[in-house]
Amino acid sequence: MSTVSLNTFSAIMTFAIDLEDALGRFYASAAPLAGAHAEHFQTYAAKSIKRKQRLTAIRQDNVTEMVLEPISGLDVDNYKITASTPADAAEALSTARTLEQRASRFYTDAEAKLNVTEPRRAFQKMAQENEDRLAVLS
């Protein structure tokens, strides 16, 4: 994921797109090692691709609505995810939980900072989906 400062609408959307890309890559690579959760991992990998496409479309559709006022209070270090291919099912599950928690926190925190309706709704939905994933992975 690229390092960005989360102080504009565009930066937040770019980070969200990168986040979904990283989640998708993790789930795709970890699915064979996920044991009983392999099917969930495959589903989450596919959904991350769709979420990335949706975020890209939202960013493009809302370019004219972007307000240039700065956004503050989002520290990229709180949401940045790094994940290598896990060694076994237990590590895959533990890493997945951590990633879902970070993603949920990012979408929840960023949603509160956005003043554009469509991205706010998308972020609310994505945060809820991450929480639902956490419940499944617990």
Side-chain angles (χ1 to χ4, degrees):
M1 238 175 3
S2 60
T3 302
V4 295
S5 178
L6 301 176
N7 59 1
T8 66
F9 174 83
S10 181
I12 289 171
M13 295 305 294
T14 297
F15 185 85
I17 290 166
D18 289 348
L19 178 74
E20 290 304 325
D21 185 57
L23 285 171
R25 282 185 282 114
F26 166 76
Y27 281 119
S29 69
L33 303 168
H37 291 285
E39 190 174 324
H40 290 120
F41 277 40
Q42 291 168 343
T43 300
Y44 298 161
K47 285 186 177 184
S48 284
I49 292 169
K50 289 181 181 180
R51 286 167 58 141
K52 180 181 172 185
Q53 292 169 340
R54 181 169 182 218
L55 289 164
T56 300
I58 288 170
R59 180 175 60 186
Q60 291 170 347
D61 292 346
N62 288 284
V63 167
T64 57
E65 292 185 40
M66 282 193 282
V67 176
L68 296 177
E69 70 184 57
I71 296 170
S72 63
L74 297 175
D75 183 353
V76 72
D77 290 332
N78 291 331
Y79 315 110
K80 179 169 46 174
I81 63 170
T82 55
S84 56
T85 303
D88 57 27
E91 185 180 340
L93 192 55
S94 174
T95 301
R97 287 182 190 132
T98 299
L99 297 179
E100 292 299 332
Q101 289 168 341
R102 282 186 174 236
S104 177
R105 185 176 38 207
F106 166 72
Y107 287 121
T108 299
D109 293 351
E111 178 271 327
K113 303 287 184 179
L114 298 176
N115 59 4
V116 182
T117 303
E118 186 179 3
R120 286 186 74 150
R121 277 187 240 175
F123 279 28
Q124 287 172 344
K125 182 178 180 189
M126 289 181 187
Q128 184 58 56
E129 288 172 357
N130 291 111
E131 291 298 321
D132 293 346
R133 290 178 184 184
L134 272 170
V136 169
L137 297 172
S138 294

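Put simply, CG on L114 and CZ on F9 are 6.5 Å apart, with the number rounded to the nearest 0.5 Å. Between the CG atom of N130 and the CZ atom of F106 there is a distance of 10.5 Å, given to the nearest 0.5 Å. Atoms CD and CD, from Q101 and E131 in turn, are 8.0 Å apart once rounded to the nearest 0.5 Å.
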### Message
Applying side-chain contact (heavy atoms from CB on, under 4.5 Å) to T117 and R120, what does each step give before you reach the verdict?
### Response
CA-CA 5 Å; T117 303; R120 286 186 74 150; 5.7 Å; no

#### Entry: Full working for side-chain contact (heavy atoms from CB on, under 4.5 Å) between Y44 and V136
CA-CA 11 Å; Y44 298 161; V136 169; 3.6 Å; yes

#### Entry: Derivation and outcome, side-chain contact (heavy atoms from CB on, under 4.5 Å), residues Y27 and T43
CA-CA 8 Å; Y27 281 119; T43 300; over 6 Å; no

### Message
Assess the residue pair T108 and E111 against the criterion (side-chain contact (heavy atoms from CB on, under 4.5 Å)); give the C-alpha distance rounded to whole Å, side-chain angles, the decisive distance to 0.1 Å, and a yes or no.
### Response
CA-CA 5 Å; T108 299; E111 178 271 327; 5.6 Å; no

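The minimum heavy-atom distance linking L55 with M13 is given by the pair O-CE, 3.5 Å. In plain terms, the two heavy atoms of Q42 and A31 that are nearest each other are CG-CB, 3.7 Å. Among all heavy-atom pairs drawn from A34 and A92, the shortest one is CA-CB, 4.4 Å. When all heavy atoms of A11 and L6 are compared, the closest pair comes out as O-CD2, 3.8 Å. The two atoms that bring E118 and I58 nearest to each other are OE2-CG1, 3.6 Å, heavy atoms only. Contact record, L33 with P86: CD1-O, 2.8 Å, taken as the closest heavy-atom pair.
No side-chain donor-acceptor contact under 3.5 Å links S104 to the backbone of E100. A donor-acceptor pair is defined here as one N or O able to donate and one able to accept, closer than 3.5 Å; such a pair exists between the side chain of S29 and the backbone of F26. Formation of a donor-acceptor pair under 3.5 Å by the R102 side chain with backbone atoms of K80 is found in this model. Between the side chain of S94 and the main chain of A90, no donor-acceptor pair closer than 3.5 Å is present.
Hydrophobic clustering, with ILVMFWY side chains joined whenever heavy atoms are under 4.5 angstrom apart, groups I81 together with I17. Follow the hydrophobic side-chain contacts under 4.5 Å out from F15 and you never reach I49; the two are in separate clusters. Under the 4.5 Å side-chain heavy-atom criterion for Ile, Leu, Val, Met, Phe, Trp and Tyr, L134 and L19 are members of distinct hydrophobic clusters.
With sequence neighbours excluded, the residues that form a side chain to side chain donor-acceptor pair (under 3.5 Å) with E129 are R51. Evaluation of the side chain to side chain donor-acceptor pair (under 3.5 Å) rule for D132 yields Q128 as partners, not counting sequence neighbours. For K52, the side chain to side chain donor-acceptor pair (under 3.5 Å) partners are D21, not counting sequence neighbours.
Ring geometry for Y107 against F123 counts as perpendicular: the plane angle is over 60°, on a 0 to 90° scale with 30° as the lower cut.
In this structure, T14 and R59 have side chains that are in contact, with non-hydrogen atoms separated by less than 4.5 Å. The side-chain heavy atoms of R133 and K47, taken from C-beta on, include a pair separated by under 4.5 Å.
Environment of CZ in R121: sparse, with no more than 12 heavy atoms of neighbouring residues, nucleotides or ligands closer than 6.0 Å.
Looking at S48 and R25, their side chains never bring a donor and an acceptor atom within 3.5 Å of each other.
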